[in-house]
Every structure is written in structure tokens, then in C-alpha cells.
Amino acid sequence: MKFFIDTANLDEIREAESWGVLSGVTTNPSLYAKEGGRLADFEEHMVKICEMCEGLPVSAESTAKTTDEMVDEGRHLSSLAPNIVVKLPVCAESLAATRTLAAEGVRVNMTLVFSAPQALLAANAGARYVSPFVGRFDDIAEDGIDQLATVVQCIKNYEWHKNVDDQCEIITASVRTPNHVTQAALLGADIATVPFAALKKCLRHPLTEEGLAKFEADWQKVTGKD
Ligand code: E4P
């Protein structure tokens, strides 16, 4: 399973990128607003992320409402950098827009997916990625991982992930914890997009910290240094 980072924060992206394990970036209007972003700077900010992550897919979300507006904005966003992926929320208008954009070679990440039928519709429309949300189910006391399992099974049954011309990868989104990452990998999701704080938690384990402290203490005995 590949790791994307779910943030619009340049420092977080830079640091995650420096680990050498980053395969992409996802952003959304809330994440951009969290950085104090303004509409006038949105495109410049996306281009900065794309340049930092050359060659990696960077999802930029469209806020257009109609199919025509989504197609226009999708074309424009994808012209900003070769690695832009246009993020559209699943709805009738975005399915039609995805069909057009995909035919032109523009990659679409269909977001706000909360059910298998939505994911199947997105894949049929030609979405390059579908993003089922996990954490938001947990927020309303439902099991997000159960929902993800259904989406993964349905998409993998039809091998969209294997067909190079018609490939659709599953991005586990709305990830809150390392356990969400583990469960997504157990289920065979292609990607998990993880906020930086959760990514750091994925890296750590108390026994790793303890092991390091022990090695250091024992090495001091070997070297005789305090
Ligand atoms: C990513 O593509 C999604 O926009 C993001 O993971 C949503 O996360 P949230 O549910 O924490 O807002």
C-alpha cells in the first residue's frame, strides 16, 4: 500500500517527502483554509506543492457546481502542472465531468465516497482514484473500516486496479489513526492518504523508543563514554 500525505502544509509535505516513502499528496478546501490560504493564492500554492513533489500525483479539489464548470476547472487545474489530479466530489455532475476529463487524459480523484455503489459509479465514469472516507463514519459512531472493506471488495472484484487503460486505485481517506492505516492495508486498499500527525504516529512505537534507549545505554558501556 502506498502512502499519500493529506495536507496543504508545505513544511509537512517537505518533511514527509524527505522520508523517501511519499507517493502523492491530497488536499481539500478545508486543508487549504487551515493553512490560512486565500482564493487568489490557491493555484500558486498547488503549483508549489506540485514542484516539491515532482512526478507524484497531487490532488487539487474543484469547487465547481455544474458539469461544464467542473470540466473547465478540471482542464485549467490540470494545465497548472503535469502531476495535478483533479479532485471532484461524487455526484451526477461530477460523473459526467469525469467521463469527459478522463477521455482527455485528465486524472480525477473522486472524493466524498461513502458507499460501494458510489465507488463503482466513479470507477465506471473513468475516475483514476476513488477516495472512500473512513474517519467520518467513526465520527458518527459507524464502522468506517467495515465500509472501506465493502468498497475494496467491490472494486477489486472487477479488477479495475489491474487494467492499465482503465485503472482505478482506492485511496483510503479521512484517516485518523495508525490502526486505520493497518486495516486499509489488510483490506488491500491501494493507497492511504494520511495527515502528517497520524503519519508520525505510524512511524513510532514505544518499544522502538525503548529499544533505542537500551542500545544507547549499552553502547555507552562499550565505549566507556557518559
Ligand atoms: C482526502 O482526500 C480527504 O479530503 C480527507 O482525507 C478528508 O479527511 P477528514 O475527514 O479528516 O476531513
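The analysis underlying the following values was restricted to heavy atoms, covering all of them including side chains, and did not include hydrogens, waters or symmetry mates.
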### Task
Answer whether the closest heavy-atom distance between the side chains of Leu88 and Thr98 falls below 4.5 Å.
yes
### Query
Mind checking whether Met52 and Arg14 have side chains closer than 4.5 Å, heavy atoms only?
yes
#### Entry: Nearest heavy-atom neighbours spanning Thr27 and Glu61
O-OE1, 3.9 Å
### Query
For the hydrophobic clusters of this structure (ILVMFWY residues joined by side-chain heavy atoms under 4.5 Å, transitively), does one cluster hold both Trp19 and Val58?
yes
### Message
Side chains of Thr7 and Pro195, heavy atoms from C-beta outward: is any pair under 4.5 Å?
### Response
no
### Task
Tell me whether Phe3 is reachable from Ile191 by hopping between hydrophobic residues (I, L, V, M, F, W, Y) whose side-chain heavy atoms are closer than 4.5 Å.
no
### Query
Closest heavy-atom contact between Val130 and Ala122?
CG1-CB, 3.3 Å
### Task
Examine distances only and state if a side-chain atom of Ser174 and a backbone atom of Phe133 form a donor-acceptor pair shorter than 3.5 Å.
no
### Summary
Output for pair (Tyr129 OH, Ile170 CD1), nearest 0.5 Å, gives 13.0 Å
### Pairing residues for Arg204 by the salt bridge (Lys or Arg N to Asp or Glu O under 4.0 Å) criterion, not counting sequence neighbours
none
### Task
Evaluate the side chain to side chain contact (heavy atoms under 4.5 Å, CB included) criterion for residues Met46 and Glu51: first the C-alpha distance (whole Å), next the side-chain angles of each, then the deciding distance (0.1 Å), finally the verdict.
CA-CA 9 Å; Met46 288 302 134; Glu51 285 172 355; over 6 Å; no
### Message
Could you measure the distance from the CD atom of Glu73 to the NZ atom of Lys65? Nearest 0.5 Å is fine.
### Response
9.5 Å
#### Entry: Which atom of Thr67 lies closest to which atom of Ala96, heavy atoms considered
CG2-CB, 3.7 Å
### Query
Is Arg75 salt-bridged to Glu104, going by a charged N under 4.0 Å from an acidic O?
yes
### Task
Report whether Val134 and Ile140 are members of the same hydrophobic cluster (ILVMFWY, side-chain heavy atoms less than 4.5 Å apart, transitive linking).
no
### Query
Out of curiosity, Gln153 CD to Leu148 CG, how far, rounded to the nearest 0.5 Å?
11.5 Å
### Query
Where do Asp143 and Gln147 land on the side-chain hydrogen bond (donor to acceptor under 3.5 Å, both in side chains) test, with the steps shown first?
CA-CA 7 Å; Asp143 192 335; Gln147 300 287 340; over 6 Å; no
#### Entry: Transitive ILVMFWY side-chain link Phe4 to Leu199, under 4.5 Å
no
### Message
Just checking Glu216: does its CD atom have more than 12 heavy atoms from other residues, nucleotides or ligands closer to it than 6.0 angstrom?
### Response
no
### Task
Mind listing the closest non-hydrogen atom pair of Pro178 and Ala198 along with its distance?
CG-O, 4.4 Å
### Summary
Value for CG (Asn9) from NZ (Lys34), rounded to nearest 0.5 Å, stands at 8.0 Å
### Message
Taking the side chain as everything from C-beta on, heavy atoms only, tell me whether Met110 gets closer than 4.5 Å to Val90.
### Response
yes
### Query
Has the side chain of Gln118 got a donor or acceptor atom that lies under 3.5 Å from a matching backbone atom of Phe114?
yes
### Query
Between atom CD of Glu43 and atom NZ of Lys48, what is the distance when rounded to the nearest 0.5 Å?
13.5 Å
### Message
With rounding to the nearest 0.5 angstrom, report the OG1 to NZ distance, Thr193 to Lys2.
### Response
12.0 Å
### Query
Ile5 and Phe196: which non-hydrogen atoms are nearest, and at how many Å?
CD1-CD1, 3.8 Å
### Task
Verify side chain to side chain contact (heavy atoms under 4.5 Å, CB included) between Phe42 and Leu77, making sure each step is shown before the conclusion.
CA-CA 10 Å; Phe42 175 73; Leu77 286 172; 4.0 Å; yes
### Message
Between His180 and Ile145, is the side chain to side chain contact (heavy atoms under 4.5 Å, CB included) condition met? List the steps.
### Response
CA-CA 7 Å; His180 283 161; Ile145 292 299; 4.1 Å; yes
### Message
When you compare the side chain of Thr66 with that of Glu69, does any pair of heavy atoms fall below 4.5 Å?
### Response
yes
### Message
Do the side chains of Arg38 and Asp41 get close enough for a salt bridge, i.e. N-O under 4.0 angstrom?
### Response
yes
### Message
Is any side-chain heavy atom of Leu56 closer than 4.5 Å to one of Val25?
### Response
no
### Message
Using every non-hydrogen atom in the two residues, find where Val85 and Pro57 come nearest and quote the distance to one decimal.
### Response
CG2-CB, 3.7 Å
### Query
Side chain of Ser62, backbone of Met70: donor and acceptor closer than 3.5 Å?
no
#### Entry: Contact check, side chains of Ile13 and Ile49, non-hydrogen atoms, under 4.5 Å
yes
### Query
Step by step, would you call Met1 with Val181 a side chain to side chain contact (heavy atoms under 4.5 Å, CB included)?
CA-CA 9 Å; Met1 188 179 71; Val181 173; 3.7 Å; yes
### Query
Between Asn109 and Arg128, is any pair of side-chain heavy atoms under 4.5 Å apart?
no
### Task
Report whether Val175 and Leu22 are members of the same hydrophobic cluster (ILVMFWY, side-chain heavy atoms less than 4.5 Å apart, transitive linking).
yes
#### Entry: Atom CG of Leu39: over 12 foreign heavy atoms under 6.0 Å
no
